[in-house]
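Below you'll find the structure, written out as structure tokens, and then a few comments.
Within every chain, numbering begins at 1; the chains are lettered A, B, ... in the order of the sequence lines, protein sequences first and strands thereafter.
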Protein chains: 2
Amino acid sequence: MRTSIASVCLSGGLVEKIHACAEAGFDGIEIMDADLIAASESPEEIRALCDRLGLRIDMFQPFRDVEGVDDDAFADTLRRAEAKFRIMKRLGTDLMLVCSNVGTATIDDDEVAARQLGELADRAAVHGIRLAYEALAWGRYVNDYRRTWEIVRRADRPNLGICLDSFHILSLGHDPAAIETIPAEKIFFLQLADAPALDMDVLSWSRHHRLFPGEGDFDLVDFMTHVVRAGYSGPWSLEVFNDTFRQTETGRTAAHAHRSLVWLADRTAAANDWSDGRLGDAPITQKLDFVEVAGADLADVDELLAQLGFTFEGRHRSKPVRLWSAGDARVILNEQVRDSRPRLSGLGLQVTDAAAAVDRALALGSPRIFRRTYEGEEDLRGVASPDGTQVFWSSSPDGSSWRGEFGGGTAAPEGLQGEIDHINLAYPWQEFDEAVLFLSSAVALRADPPADVPGPRGLIRSQVMRTPDGAVRVPINLAPPTAPTPDRHIAVRTDDIFTAARRARARGLEHLRIPANYYDDLQARFGLDDEMLTALRELDLLYDRDAAGEFIHFYTRTIGEVFFEVVERRGDYDGYGGANAPIRLAAQRDRRR
Amino acid sequence: MRTSIASVCLSGGLVEKIHACAEAGFDGIEIMDADLIAASESPEEIRALCDRLGLRIDMFQPFRDVEGVDDDAFADTLRRAEAKFRIMKRLGTDLMLVCSNVGTATIDDDEVAARQLGELADRAAVHGIRLAYEALAWGRYVNDYRRTWEIVRRADRPNLGICLDSFHILSLGHDPAAIETIPAEKIFFLQLADAPALDMDVLSWSRHHRLFPGEGDFDLVDFMTHVVRAGYSGPWSLEVFNDTFRQTETGRTAAHAHRSLVWLADRTAAANDWSDGRLGDAPITQKLDFVEVAGADLADVDELLAQLGFTFEGRHRSKPVRLWSAGDARVILNEQVRDSRPRLSGLGLQVTDAAAAVDRALALGSPRIFRRTYEGEEDLRGVASPDGTQVFWSSSPDGSSWRGEFGGGTAAPEGLQGEIDHINLAYPWQEFDEAVLFLSSAVALRADPPADVPGPRGLIRSQVMRTPDGAVRVPINLAPPTAPTPDRHIAVRTDDIFTAARRARARGLEHLRIPANYYDDLQARFGLDDEMLTALRELDLLYDRDAAGEFIHFYTRTIGEVFFEVVERRGDYDGYGGANAPIRLAAQRDRRR
């Protein structure tokens, strides 16, 4: 598979975009006319730069308002086209995207469209240029790829073919199966975009809400299956307009974009049992091996874990790193960083094949993490996620291969027994989709449908990433643009939350205080008996219930950018107490003031 | 008119919201259940605070999922309601909002709904509580105010009435005329929201895109005309959920909200020739009197104006302020501020009745500006807009009342002759709607439809605010969340842009450099002749053309946060060269690097 991307997907100037595409590993680029026009560099300079970086200019785009017009308008179109053909020669590219007419068409007739496109193709042929005709979903008369193919077939010129765009086809619900009936040599180009299922006008949907493959609701695996079966062997190119990507750092978006194509190729190959593009099976993720908190000074976290009833397992034999555990829940405190407030910095996953998991993540473009390792120590391998959070994989059960590196601890009396229930990560809004793609591709977690939670400074989007069996659960939050990114937290599950809360309080733990009004509302909503209500109120416990079961939980104070939660699940309750999130957010906000 | 607002419209904690509402001049507040639940303060404390601030608690809201349910569910509803009635007694409010059932209804029968609402009303009556039943646009069975009225009529309880909400009625296109058929004493409450015309599902539209009255596309004047004619005399209350407002500073949003109600009352009274709520006729705005640039050191702006061919009219006799003019275009440079980069800080408008204009702006809640004035000097009166930009009004033609305060200038040889064509203001995204409302209400400008312009860091929304005759034009821009706010600029119109550009260049002006690729594209688009194209290219002039005429313009470099543009309009061209904005933005960005 050759990869390509339209320059409009990235922010910044054209030269900056070209460098970012090459760095991210793309084979080619589509040059957007408007990007070239706004650039100080001449077409010759752009061409030379792409040559030097090994980036092919796959297409020049778009050329608009060609077909279905009267003769005067068409004469002007040919004049416009000649000027653009000259630019293309200077750029050194031979493929031009021609969009179906949106603005100027007055004649709804395939014969006229075929004649005019044919004539344009003949003019292009003089310059050795080929035309790829694409149906825009909001084309005035032509908005269906089956119709562009019919028009191209009628025009019957060797240098006139079609361009397929997944957004335009899938947004209108057109069946992509007919792609297989188009001769491969007439599919000149392929553009890919995903999108969330939104009920809005298709032009705004396209302009503002396209996503990279794997982040939306389109079935792109099915789409690509038809394209590959048709025999198409050209570049897989991304054309994604999105208010977020345009505002993100150029190189980071390019890396994100490239990962989405590698992922789509893998998913498509896996679905069809093809070897080409396949990354290999993802190993099975069994559980969370550990969670890591990093910071320059983690003494307050030590104190908090002790109050929660964690057992201190000891210090690492060669690094300023400590290990705490509560049954199967392991928390590593890492003081190898300077000038940093305590934060949730990484996680370890126990998988069936650690080497394969790391290799997959590397193939998906994630940078490898360097960890100093001495003789006799486990060489824990991992990668950095786009925001820097580290992910490690190990195949030895319950940290058995690396726990021996820690020593000198003492068991806590009446210690907390449990396991990690979930870890909660949070991102500024422009990093959210990127995080979802990383966690679903490189970490092989499944994305549940998102939900919105009201916070005191705006709605917070929440989405749960998890293994199918729920052994690993990572709810992630998206902060609104002008709000601070929420703090991350680690939730430990226990079988007896009342005892855990009482003991923690006896050890001096500061619970997050829950307002009395909350308990009045609990009574109104659930009709809890007085004894239960009193117990919850006294221990600042939060409560939720649904048809499957109950959820009782409490939070600690926040240290730096991390806090802890202790939860008990009763029955088959499978949520996270989402209804209580506004209460928690308001209480945390009140504490900060 | 009594004003009220739902606490959900504002960001922050409940106490913060209550203070902001009182400060902004609201008479009352609707307390949202969720805001109270998350508050540390008891209902008694909230009640006492509202008492002290003179804010009436007009309503407690919402109570959900009442009608159309089976007997078991209804028994639970009564239990829930009793708990909330107790909270309402503690809050000291007697009106509860009951929303039409969205989630739990299974019986689509007015008789059942009337019976259940009637029974709930009887329970409420014991506590002296009244119920306002509201049709949500996405109610399971009941989503039309005409149906809520039918159900309330059948239930026939003195303490059961309806709540009208403009969003739910107008978003579904329901005719508000039937409001006049409802007895006034059965309309217990009124909630107002505006919204942009969007083609999306009504729940998302409501949750994310409501606007304050006057900012969207709903005909709220017509809506309120029916409500007033029905005899409703209760509060006009705002219920606006919007991703932006929730993230804005609480007090500022409250002031913004209150202005929207005053404005709606004025528009409604004006449309009906009612005196109640009327602010008086807006005086006619004739032209821009002056534009003001403020900064700690404006020497660079002096130099730039001299290079453009402005005439130095002299220094102010008592303040560190200078006046420059180019024909009818007057620019005041004000060095009375400390530590501030040069920026477009204010504007003066020439109107038929300056005193009336200022009084209107003050009545709309704008703070008055203090200007030190000495004997014999014009007492220029004005107000601050929400972002601090100052607006002054004067009735004397061409600054004749204040220009005499400046002296000691010298006319520029071959000076620029022209007038202010437009001034361009820009706002961070969360301040945009607020600016539109201020400019349309307090400054009496009309809002043209918005457009999106692609910039190198995302789409920039542009909207033109103007007098109907175009004498005053203020295009305003909205920056995307993570992009810096665009710089503001002042555009001067001349009759001969080529001469103006040549002379300015001869005086040493640095034009904003336009890339050569732009001129290749101009040729492709417009087929300009070589002579014209060469002249444009040599002088870094930008060009646009439409059916009405032509537009030629150039930009200066940016000083601090302000730059200048010189434009020539040919024929009846009425735009601003919007197609050239991406070129300008890219060129400005390249300069900054």
> Using non-hydrogen atoms only, which part of Arg525(B) is less than 4.5 Å away from chain A: side chain, backbone, both, or neither?
Replying inline: backbone
> Got a sec, which residues hit side chain to side chain donor-acceptor pair (under 3.5 Å) with Arg90(B), two or more places apart in sequence or on another chain?
Replying inline: Asp520(A), Glu44(B)
> So which part of Asp33(A) gets closer than 4.5 Å to some heavy atom of chain B, the side chain, the backbone, both or neither?
Replying inline: side chain
> Who among Arg584(B), Glu82(B), Lys84(B) has the most heavy-atom pairs with chain A under 4.5 Å?
Replying inline: Lys84(B)
>> Would you say that more than 12 heavy atoms from the other residues, nucleotides or ligands in this model lie under 6.0 Å from the CZ of Arg537(B), or not?
In response: yes
> With only heavy atoms counted, which part of Pro43(B) is less than 4.5 Å from chain A, the side chain, the backbone, both or neither?
Replying inline: both
> For the side chain to side chain contact (heavy atoms under 4.5 Å, CB included) test, which of Leu14(B), Leu36(B), Asp35(B) pairs with Asn517(A)?
Replying inline: Leu36(B)
> Considering only heavy atoms, which portion of Tyr519(A) lies under 4.5 Å from any heavy atom of chain B: side chain, backbone, both, or neither?
Replying inline: neither
> In terms of heavy-atom proximity below 4.5 Å to chain B, should Ile87(A) be classed as side chain, backbone, both, or neither?
Replying inline: side chain
>> Can you give me the closest heavy-atom contact between Gln523(B) and Arg79(A), atom names plus distance?
In response: O-NH1, 3.1 Å
> Considering only heavy atoms, which portion of Ala39(A) lies under 4.5 Å from any heavy atom of chain B: side chain, backbone, both, or neither?
Replying inline: both
>> Heavy-atom pairs under 4.5 Å with chain B - which of Ser42(A), Ala34(A), Ala38(A), Ala524(A) has more of them than the others?
In response: Ala524(A)
> Who are the salt bridge (charged side-chain N to carboxylate O under 4.0 Å, His left out) partners of Arg86(B), not counting sequence neighbours?
Replying inline: none
>> If I measure from the heavy atoms of chain A, does Leu522(B) come under 4.5 Å with its side chain, its backbone, both, or neither?
In response: neither
